[in-house]
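Just so it is clear, the model here is predicted, and its values are computed rather than measured.
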Amino acid sequence: MNSLINEKHNTFFHRNCPGSSKTRLLMDGVVEIAWYCPSGKNTDKFSQCVAFCNLHGDAGDSEKQLQILTEMASDLINRLHLEGRYEHKLTAADVLQLTKHSLSSHESCAEEDLIQTFLQKLLMMNYRARYLMINNEQDFTQQRNNDSSEDESDFFNDMSSPYKATSESDTIHPMDVQMAVFHCADSFLKQLMVTKLSQCQYSLPLLVPDPFTQEIEFPLWTFRQINKSWKMKEPNNEISKIQPVWKAETPMVSFFRFGSVSKSQLMNNLVNERHNTNCPGSSKTRLLMDGVVEIAWYCPSGKNTDKFSQCVAFCNLHGDAGDSEKQLQILTEMASVNVVVLPRLDPNDKNAKEIQNLYRGRNPLICLCTEDKSNVSVIRKGKYKIGLKDRNQSDVSEELIKAINKCLSFSSSESSSVFRLEDVSKYSGIRVDEDHDNDCNRGKKAAQHMMVLLEKKDLTEIKESFLPCQGKPWHQWCEKNKELHRSQGNEIDIEINQKQDMKKFREQQYKNGIGGFMKLFIAEINSQSPNEKIFFLKWLTILLDEYTSADLSALHYKYNEKWSKVRAVQQTTNEHAELERISRELQAATFGLEHILREIGQIYESCKSVNKNKEGLPCHFSSLPSLAAEMMISGFPLELMDGDAAHVPVVWVTAVLHELIKKLGDKRVFVLSVLGIQSSGKSTMLNAMFGLQFAVSAGRCTRGAFMQLVKVSEEMKKQLKFDYILVVDTEGLRALELSGRSTRHQDNELATFVVGLGNLTLINIFGENPSELQDILQIVVQAFMRMKKVRLNPSCMFVHQNVSEVTAGEKNMEGRRRLLQTLDEMTKLAAKDEVYVAECFNDVITFDIQKDVKYFAQLWEGSPPMAPPNPPYCENIQDLKTTFFMVLESPQNYAGYREQTLQQHRK
């Protein structure tokens, strides 16, 4: 090696140096490094500066050198207080519980709080989750302690003193925080994290080397809940698509580099300009990112401003591609276009062969040359060169976008290169998470067995065939039950007849058989371990969504077309009848896990009414509530009100709460409910506040009401005086499109139910002008008035969503005054209907117009589908959460507080 670098000098220690002996105690395993520096003459051995490393001793005995990265990764995990979590994984339940840390906002934090701060912001869909700043107050404290008196101070001495400050290499990179949590999370927490990262429009981990074994993992399971929507323009049409990313077929553009030049910011300019690679807290050292491949999708909006006219996947290989052969192979083989960043063009480079193969291959190639100043140039068909040196970043981005678009048009015409996420699993040498998790495999197979029963069935007839207990007798029973409770109690004969009719409907419901679908579902869920059961339920949800999505999209398209015609011509009974028919088909075709669980509830209620087991039921009906209780404890929402029948199955819900008490104890609960018009962001608000996953897609608004448990941490139980929060999400008022019901009456019943159930109800108003919502406010006031009559004292907060200015809370004093004025007017109107004496809203409930009205920024920062959630919106969520929990710490100051247990709610 010395003859290669410097013949006149023993650059590397060798055995024949003067005084050398055959025995060396301290050199085996040592790695030395030296650089050959060319002089620019013809006699140079190498034309560029080359580093040479020499590993002394037998390389097979140098395991310590190979363990350096492992030790560094282990040290990082210890610094982040994740000791033991690599083996015993963090769970979703660990991070979703309400802690003291989650009730306050943190712009900077101590090193030990980095994980909590990152997860808290991520679960709130705040894309600033990666903006992690560490408090370095100890450095300043140390300096102050070293201060001498002014007379003794010396500028030159002080400036040259070796005060120890935190170096950049000691700072933990935000991406290391993210990846450390990822490596220490179980399958469900990983999936939750990746789903939230996607909602923040961040790239997602696609290929991940294990920091301790270097085995490459493809976390396919984490992508299963993610959907992307986009619009594409055609000459005479606009095509809208919503697809799960694991199923989408798109072109894929891969980015990688040889050398040390960063390319991430260039990629951000292509996919999402709002994200910044160099976020606060970043450092030059990243331990867990080299070799990681991330993926993001560009989704066009169908406008002329789109950078790409179709949905395109972008993959980014972090680190030097020459050190990640397997990842590079997968990317280059699956890509429609390869983009490579090259520090210099040198045929003697160690990666020259790989670059040559890419250049000679069929796939388009774009070379970004860091030492070249030239504009984009076509070298040959499908091969481009773009210079980066001393060039404006936006100019380079524009040239790159044009080059990629040309390559994509060339690629689509010349080859059938289409990227499907699932196809990554076909490559050998990588570990697919789903294949190596036995519970995941068993859950998937069980769900697939159920889906076989639905094959070749008409989607609009599935509910009627497979869920008979939700059929006509159940709806008739609900109507009779409502009539019975609305009657004044002075018509005894009518009441007796109604009860007889209800008994007859229950008997008819009981006689409806149990099909193979429900038998299999109950048998599966009864025989599975807790972990396997969660996988089964999640897989069933995924497969049902896949099964129904195409038909539902077609029906929504038909409905929208027909609705447009009805509005345009303002006429014809036939058109309205057709609209109603499509609406009924939509309602029938909406089929998900919630409908299966509703069927279990009705099987239980029908059996309970006659106190007999159904023929063919795989278990005794009395065990069914226990299954639902276990699901609630596992984090699944339970339907509280049937959204199709607009009825609360009291017998079923009571039985489930009874089982919850048996499993958890009679815990103290605080009920938080939400009320507002349809599609006003109620579910999104609750999801952001507690990290939940209530359904929020525009095509499937919440129907009925759902409740979900949020655990309170041990440290907070003493302060808040309760053990769980019961979060209740409800369907919107004015839900017209899927309902043939009398909406006004339905809205009154829904509002009364939601307000009566909650300790605190969030009244969600979309927009700044409350005068447009007078009828909604009257419904709300009436609901609170009815609570007053039965001596319940719930409380409320008004949330104005989509306020245009961040400072509107301060500027909108006039808006607050108008809201209070409207509430007072609605109180007078409602008082007449309810025969109640009240002159103003404060006569009904204790209400502070200053504290109990919150203004929220708009949800999106920009225009969907590529817009991330707006950080001020997330800050408003945090402020709302902090406000009402601060109030709860002093329950004597909170009019709506009443300490209740699960047993009291059950009653």
Side-chain angles (χ1 to χ4, degrees), residues 63-97 99 101-102 106 108-123 129-136 138 166-194 196-197 202-219 221-222 279 281-294 318-319 323-324 431 433 436-437 691 713:
E63 292 181 3
K64 286 187 178 179
Q65 300 302 321
L66 301 176
Q67 290 176 356
I68 289 175
L69 284 176
T70 301
E71 291 173 2
M72 292 172 72
S74 181
D75 179 60
L76 172 68
I77 284 173
N78 289 338
R79 285 177 66 185
L80 292 170
H81 292 253
L82 291 170
E83 304 96 327
R85 287 300 190 175
Y86 182 76
E87 294 82 14
H88 306 287
K89 304 293 187 185
L90 275 170
T91 68
D94 292 329
V95 302
L96 288 176
Q97 64 179 334
T99 64
H101 191 88
S102 69
H106 303 273
S108 62
C109 63
E111 195 172 85
E112 60 266 25
D113 293 327
L114 280 171
I115 296 295
Q116 285 191 72
T117 303
F118 168 74
L119 286 171
Q120 177 191 341
K121 290 187 176 182
L122 181 62
L123 293 174
R130 289 178 176 172
Y131 294 15
L132 298 173
M133 299 292 291
I134 298 176
N135 292 332
N136 288 320
Q138 66 269 23
T166 304
S167 68
E168 190 173 338
S169 62
D170 291 333
T171 305
I172 299 177
H173 194 284
M175 289 305 298
D176 282 337
V177 176
Q178 176 186 307
M179 295 312 297
V181 182
F182 189 83
H183 287 299
C184 294
D186 73 355
S187 298
F188 305 117
L189 179 54
K190 278 184 183 177
Q191 189 181 69
L192 178 60
M193 279 179 63
V194 171
K196 297 292 183 180
L197 284 169
Y202 272 127
S203 54
L204 315 175
L206 178 68
L207 295 172
V208 184
D210 186 287
F212 300 105
T213 66
Q214 295 305 303
E215 184 181 28
I216 300 167
E217 182 182 67
F218 169 37
W221 169 251
T222 65
C279 50
S282 293
S283 62
K284 291 179 180 178
T285 55
R286 295 182 310 188
L287 296 179
L288 303 180
M289 283 304 293
D290 282 355
V292 171
V293 176
E294 291 187 300
H318 288 272
D323 300 330
S324 306
R431 180 184 184 276
D433 60 347
H436 288 75
D437 191 318
S713 67

Notebook entry, point to check: Do Cys109 and Ile134 have side chains that get closer than 4.5 Å, going by heavy atoms?
Noted result: no
Notebook entry, point to check: Do Thr99 and Gln97 come within less than 4.5 Å of each other through their side chains, counting heavy atoms only?
Noted result: yes
Next item on the list: Taking Lys196 for its side chain and Lys121 for its backbone only, find out whether a donor-acceptor pair lies under 3.5 Å.
Entry: no
Check: Could you state the interatomic distance from CG (Leu197) to OG (Ser203), rounded to the nearest 0.5 Å?
Finding: 8.0 Å
Next item on the list: State the OG1-CZ distance between Thr213 and Arg431, to the nearest 0.5 angstrom.
Entry: 8.5 Å
Checklist line | Face-on cation placement of Arg130 at Tyr202 ring, 6.0 Å and 45° thresholds | finding: yes
Next item on the list: Any chance you could measure Met193, atom CE, to Leu90, atom CG, to the nearest 0.5 Å?
Entry: 9.5 Å
Checklist line | Note, Ile115 side chain near Val177 side chain (heavy atom, < 4.5 Å) | finding: yes
Notebook entry, point to check: Is any side-chain N of the basic residue among Arg79 and Asp176 closer than 4.0 Å to the acidic one's carboxylate O?
Noted result: no
Margin query: Please report the interatomic distance CG(Leu80) to SG(Cys184), rounded to the nearest 0.5 Å.
Written below: 8.5 Å
Margin query: Go through it in stages, so that I can follow the logic: the residues are Met289 and Glu294, the test is side chain to side chain contact (heavy atoms under 4.5 Å, CB included), and I'd like the CA-CA distance, side-chain angles, deciding distance and then a yes or no.
Written below: CA-CA 10 Å; Met289 283 304 293; Glu294 291 187 300; 4.1 Å; yes
Next item on the list: Check the pair Gln120, Asp113 against side chain to side chain contact (heavy atoms under 4.5 Å, CB included), reporting the backbone distance first and the verdict last.
Entry: CA-CA 11 Å; Gln120 177 191 341; Asp113 293 327; over 6 Å; no
Check: Does the side chain of Phe118 reach to within under 4.5 Å of the side chain of Leu132, using non-hydrogen atoms?
Finding: yes
Notebook entry, point to check: About how many Å separate CG of Leu288 and NE2 of His318, when rounded to the nearest 0.5 Å?
Noted result: 12.0 Å
Note to self: Run the side chain to side chain contact (heavy atoms under 4.5 Å, CB included) test on Met72 and Leu76 for me, step by step, so that the C-alpha distance in whole Å, both residues' side-chain angles and the decisive distance to 0.1 Å come before the verdict.
What the structure shows: CA-CA 6 Å; Met72 292 172 72; Leu76 172 68; over 6 Å; no
Note to self: Any side-chain to backbone donor/acceptor pair from Asp433 onto Trp221? Under 3.5 Å, distance only.
What the structure shows: yes
Note to self: Is any side-chain heavy atom of Glu217 closer than 4.5 Å to one of Asp210?
What the structure shows: no
Margin query: So Tyr86 and Glu83, do their side chains get closer than 4.5 Å, heavy atoms only?
Written below: no
Margin query: Assess the residue pair Val208 and Met179 against the criterion (side chain to side chain contact (heavy atoms under 4.5 Å, CB included)); give the C-alpha distance rounded to whole Å, side-chain angles, the decisive distance to 0.1 Å, and a yes or no.
Written below: CA-CA 9 Å; Val208 184; Met179 295 312 297; 3.7 Å; yes
Checklist line | Pairwise distance CG(Leu119) to CG(Asp94) - rounded to 0.5 angstrom | finding: 10.5 Å
Item checked: Ile172 side chain reached by Leu114 side chain, heavy atoms, under 4.5 Å -> yes
Notebook entry, point to check: Less than 4.5 Å apart, any side-chain heavy atom of Ser74 and any of Phe212?
Noted result: yes
Checklist line | Over-ring placement of Lys190 relative to Phe188, 6.0 Å and 45° cut-offs | finding: no
